Number of protein chains: 2
Amino acid sequence: MEVLSPIAKPAVTSADRVLVQIQRAVVEGEIAAGSKISEPELARKFNISRAPLREALARLERCHLIERTPNAGARVVQLSYQGLIHLYQIREELEGLACRLAAEYMATEEIEQLQSLLDQHLSHQRVREGESYYQEAGDLDFHYRVILGSKNPYLINMLCDELYYLVRMYRVQMGMNGPRVSRAFDEHKAILTAIGNRDGELADLLMRRHISASRKNIEIKLAQQEK
Amino acid sequence: MEVLSPIAKPAVTSADRVLVQIQRAVVEGEIAAGSKISEPELARKFNISRAPLREALARLERCHLIERTPNAGARVVQLSYQGLIHLYQIREELEGLACRLAAEYMATEEIEQLQSLLDQHLSHQRVREGESYYQEAGDLDFHYRVILGSKNPYLINMLCDELYYLVRMYRVQMGMNGPRVSRAFDEHKAILTAIGNRDGELADLLMRRHISASRKNIEIKLAQQEK
DNA sequence: TTATAAAGTATTGTCGACAATACTGGAAAG
DNA sequence: CTTTCCAGTATTGTCGACAATACTTTATAA
């Protein structure tokens, strides 16, 4: 009998291993947005053949980090105001749905664990005021768990695997840390309370507002940057 | 100067060509649901190497038609009641959103074209009463156009490229033709009217109801089949 | 000088072969 | 007889090389 970790899969294939590295590089901006991707170059850089690299690129395309045109190659996605709007329009709907489902299907135990996670975030936040990385990670962590709580595999896949790397990319490269931290925590708290009360409708509404507020926050930043 | 068709891209790569064939085979059930996929076998069948085949398989996974496990291979997805519910939960949200956006962003010309398409469908429907293929194709066509009208690339990609093949697979393999045809056409009409009036909120609501009704219709069929 | 065309270069798409991993059947131990 | 272990087989993952396509540069003509 073999004991293995509950959720995470080993990801032993070298394509997987390289994928996460390129994902990080793109999200962090080490590979510049809009730049062309050279398969031979990347293959050399990571000491692998082009076959697993192309597998990785296919998955990068899947999460909208690169765009491929047949016979012409791949480019890192170009960030834009419009793109961000389009992204958040979908997040609003899908994460709202996730909340509604989470309120119905999350185990009481899961809710309690999420509760304690939030408390933990709060103390972290007090100590490291405004440190963007923790805010960012914590925020995503909360959203992740709620999405997982929906128990809908398609929804989980779409949000966690396909959309969230792009969300992170926008946040990182446009420097979204900001003073919204404490308010975001309060909103998380309210959402979780609604879920705890099994009030899906309210949780849905609150999540939509939460994301909408987040979007408006980013819009303001963008407007400032363009001045 | 080269003249090419307005939307469709040539898809010259052999991976693309094979992809559509396998997609069709899976959707139509020629390759049975739940069955294992053998790369060497399929490669021989289509007279290509394993490289482009694997590229095609990667995209099949993307649209949820197959599931791959590292080092173990791919299986055609197993249809289930739960899976259908999960699928329609997402469709409801996303296509509702698509309607709201379409009401805002569709060109008046596009709306008129869609109007005439509906009239066309109506006459077809009168002639070929209950012929499932036309109903199916027509229905999807309407939904497609509304989704395209949203002008949101992520939304379009998710619905048209990632979810709709699976929707078709459920319809085809579970034989969803049925007596809902005329009512569906009326609902399409009402949705389009709302879009024409630029009433996004109403279009959203009507589309959600439309899909919800469609889901309930399927649920009934399923319940009958299980007897 | 600008625009067009052709040759050359580089990159992507595809192939066949090898290596690593997973599945299958049978033998040995309990 | 059941279970566990092991060897054999088949399948997937990876590699390097070749073919097909796209991009670049140079030369030619208007």
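Only a predicted model underlies this, so the values are computations on that prediction, with no experimental measurement involved. First the proteins, then the strands, lettered A, B, ... as listed; each starts at 1. All values below come from the heavy atoms of this structure, side chains included, with hydrogens, waters and symmetry mates left out.
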Partner set under side-chain contact (heavy atoms from CB on, under 4.5 Å) for [X], not counting sequence neighbours:
X       : answer
B:Glu61 : A:Arg62, B:Ile66, B:Arg68
A:Gln82 : A:Ser80, A:His86
A:Arg24 : A:Glu28, A:Glu30
B:Ala56 : B:Leu19

Residues that A:Glu93 engages under salt bridge (Lys or Arg N to Asp or Glu O under 4.0 Å), provided they are two or more places apart:
A:Arg208, B:Arg100, B:Arg208
Go through the structure and list residues passing salt bridge (Lys or Arg N to Asp or Glu O under 4.0 Å) with A:Arg50, not counting sequence neighbours.
A:Glu39
Write out all pairs satisfying ring pair (Phe, Tyr, Trp, His ring centres under 6.0 Å) with one or both partners inside residues 49-78 of chain A, taking only residues at least two apart or from two chains.
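Sorted pair list: A:His64-B:Tyr154.
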Contacts of type ring-ring contact (aromatic ring centres under 6.0 Å, His included), residue A:Phe46, not counting sequence neighbours:
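A:Phe46 satisfies ring-ring contact (aromatic ring centres under 6.0 Å, His included) with no other residue.
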Below 30° counts as parallel, above 60° as perpendicular, anything between as tilted: where do the rings of A:Tyr144 and A:Tyr164 land?
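Taking A:Tyr164 first and then A:Tyr144, their aromatic rings stand perpendicular (interplane angle over 60°).
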Mind running a 4.0 Å heavy-atom check of residues 40-59 of chain B against DNA chain D and sending the residues that fall below it, in number order?
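Listed by number, they are B:Pro40, B:Arg50, B:Arg54.
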What does the inter-axis angle of the helix from C:dT1-D:dA30 to C:dG30-D:dC1 come out as, five pairs per end, nearest 10 degrees?
20°
Contact span of DNA chain D against chain A, any nucleotide atom under 4.0 Å from a heavy atom, 5' to 3', runs D:dG13 to D:dA22
What pairs of residues pass the salt bridge (Lys or Arg N to Asp or Glu O under 4.0 Å) test when at least one of them lies in residues 143-158 of chain B, not counting sequence neighbours?
B:Glu110-B:Lys151, B:Asp141-B:Arg145
